[in-house]
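One structure is given here, and the rest of the page talks about it.
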Protein chains: 2
Amino acid sequence: MIDAVQNPVTTVMRALADPTRRAVFERVFESKEISVAELTRGSGVTQGAISQHLKSLKQAGLVAERAEGRNVYYRAAPQGLEPLVEWMDHYGVFWRERFQNLRTLLKEIDP
Amino acid sequence: MIDAVQNPVTTVMRALADPTRRAVFERVFESKEISVAELTRGSGVTQGAISQHLKSLKQAGLVAERAEGRNVYYRAAPQGLEPLVEWMDHYGVFWRERFQNLRTLLKEIDP
DNA sequence: CTAATTCATTAGCTTGAACTAATTGATTGA
DNA sequence: TCAATCAATTAGTTCAAGCTAATGAATTAG
């Protein structure tokens with residue numbers, strides 16, 4: 001049972017399964033845009049490690065980058081989560097547990 | 001940046017990140033109830049490997065078991081996916097992309 | 001120009017994960 | 001009873017993943 005070459009679900013899951021790397025993604029997401037140096041501060045790992053994590057996040061489609069001068073700014077790409085959403089949706093998890101919220105939510109939006 | 005002892009999100013993500021193990025979960029889910037021997041057939045790995053995968057799926061709260069005679073039947077426990085749902089919900093992924101579906105869905109259920 | 005900063009990459013180490021093969025305990029069928 | 005089946009566990013191997021330390025390329029500050 002091997003993914004032919006590499007299933008996107010596997011890529012995204014693996015990227016987010018590591019706590020350190022997931023923390024990096026979370027910080028990038030919260031920051032709108034953030035440099036590698038800034039990410040390294042308070043991360044508990046070296047700059048090289050951060051760069052490696054960013055690389056796999058990027059390959060998973062979860063972050064994008066923008067170079068400016070000697071800095072490289074990263075931003076989150078939440079569309080990268082889509083494979084996860086699809087996979088979970090296939091298992092019908094969302095609607096089941098959130099049915100009661102739907103009506104109230106809809107009324108807030110379109111009263 | 002280490003999970004204190006072990007974050008549930010990490011546990012679930014790691015459990016599902018492996019293609020073989022995820023395939024096991026998918027088969028369990030589709031089967032309502034399925035024995036280890038049956039899971040082993042056509043899995044491409046040995047029975048021992050399947051048992052190991054089931055063990056970590058169980059620890060992640062993704063499957064439950066029922067022993068009967070010399071068989072052990074496994075069933076999916078989709079509530080185990082809740083940590084994932086919460087985590088992704090925190091990133092606002094769901095509603096954004098699925099707003100247009102909500103109205104039609106609601107009308108089907110409560111016309 | 002020189003020194004310092006930022007980031008990516010690489011080699012090397014260590015650890016954990018996935019697997020097999022084999023064993024064991026339990027249950028069932030002949 | 002005895003052989004066979006089912007499932008869990010264990011020891012042992014292999015390989016990948018995460019990390020550090022070090023280096024190098026590019027940019028900027030003095």
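Order of the sequence lines sets the chain letters (A, B, ...), proteins ahead of strands, with each chain counted from 1.
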Pair A:Glu82-A:Glu86, side-chain contact (heavy atoms from CB on, under 4.5 Å): steps then yes or no: CA-CA 6 Å; A:Glu82 185 60 18; A:Glu86 273 184 40; 3.7 Å; yes
Tell me whether the OP1 or OP2 atom of [N] has a side-chain N or O from [X] closer than 4.0 Å.
X	N	value
B:Ser51	D:dA7	no
B:Asn71	D:dA7	yes
A:Thr46	D:dC19	no
B:Thr20	C:dC19	yes

Separation of [X] atom [atom1] from [N] atom [atom2], in whole Å?
X	N	atom1	atom2	answer
B:Asp18	D:dA17	CG	P	11 Å
A:His53	C:dA8	NE2	C1'	14 Å
A:Gln52	C:dT9	CD	P	10 Å
B:Arg14	D:dG18	CZ	C1'	11 Å
B:Arg22	C:dA17	CZ	P	17 Å
B:Glu33	D:dA7	CD	C1'	16 Å
A:Arg21	D:dA16	CZ	P	15 Å
B:Arg70	D:dA7	CZ	C1'	11 Å

Worked verdict on B:Thr11 versus B:Gln59 for side-chain contact (heavy atoms from CB on, under 4.5 Å): CA-CA 8 Å; B:Thr11 307; B:Gln59 286 173 344; 5.6 Å; no
Quick one: does any side-chain atom of A:Arg21 pair with a main-chain N or O of A:His53 as donor and acceptor, under 3.5 Å?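 Absent.
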Between the main-chain N or O of B:Thr40 and the side-chain N or O of B:Ser43, is there a donor-acceptor pair closer than 3.5 Å?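 Yes; at least one donor-acceptor contact below 3.5 Å.
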Spacing of [X] atom [atom1] and [Y] atom [atom2] [to the nearest 0.5 Å]:
X	Y	atom1	atom2	result
B:Arg27	B:Ile50	CZ	CD1	7.5 Å
A:Asp18	B:Arg14	CG	CZ	7.5 Å
B:Gln47	B:Leu54	CD	CG	9.5 Å

Report the nucleotide, chosen from [options], that has the shortest atom-to-atom distance to any side-chain atom of [X].
X	options	result
A:Tyr74	D:dA16, D:dA7, C:dA8	C:dA8
A:Arg41	C:dT6, D:dC6, D:dT20	C:dT6
A:Val36	D:dA8, C:dT20, C:dC7	C:dC7
B:Ala37	D:dA8, D:dC19, D:dC6	D:dC6

Passes side-chain contact (heavy atoms from CB on, under 4.5 Å), B:Thr10 versus A:Arg22? Steps please. CA-CA 9 Å; B:Thr10 303; A:Arg22 194 170 64 249; 2.7 Å; yes
Interface with DNA chain C, restricted to residues 55-67 of chain B and to heavy atoms under 4.0 Å: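 DNA chain C contact set from residues 55-67 of chain B: none.
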Over all strands shown, is A:Gly69 touching base, sugar-phosphate only, or nothing at heavy-atom distances under 4.0 angstrom?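 Sugar-phosphate contact only.
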Mind checking A:Ser35 for me? I need base, sugar-phosphate or nothing, with any heavy atom below 4.0 Å counting as a touch.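 Answer is sugar-phosphate: A:Ser35 comes under 4.0 Å of backbone atoms only.
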Has the side chain of [X] got a donor or acceptor atom sitting under 3.5 Å from an opposite partner on the base of [N]?
X	N	value
B:Glu68	C:dT27	no
A:Glu38	C:dT6	no
A:Gln47	C:dA8	yes

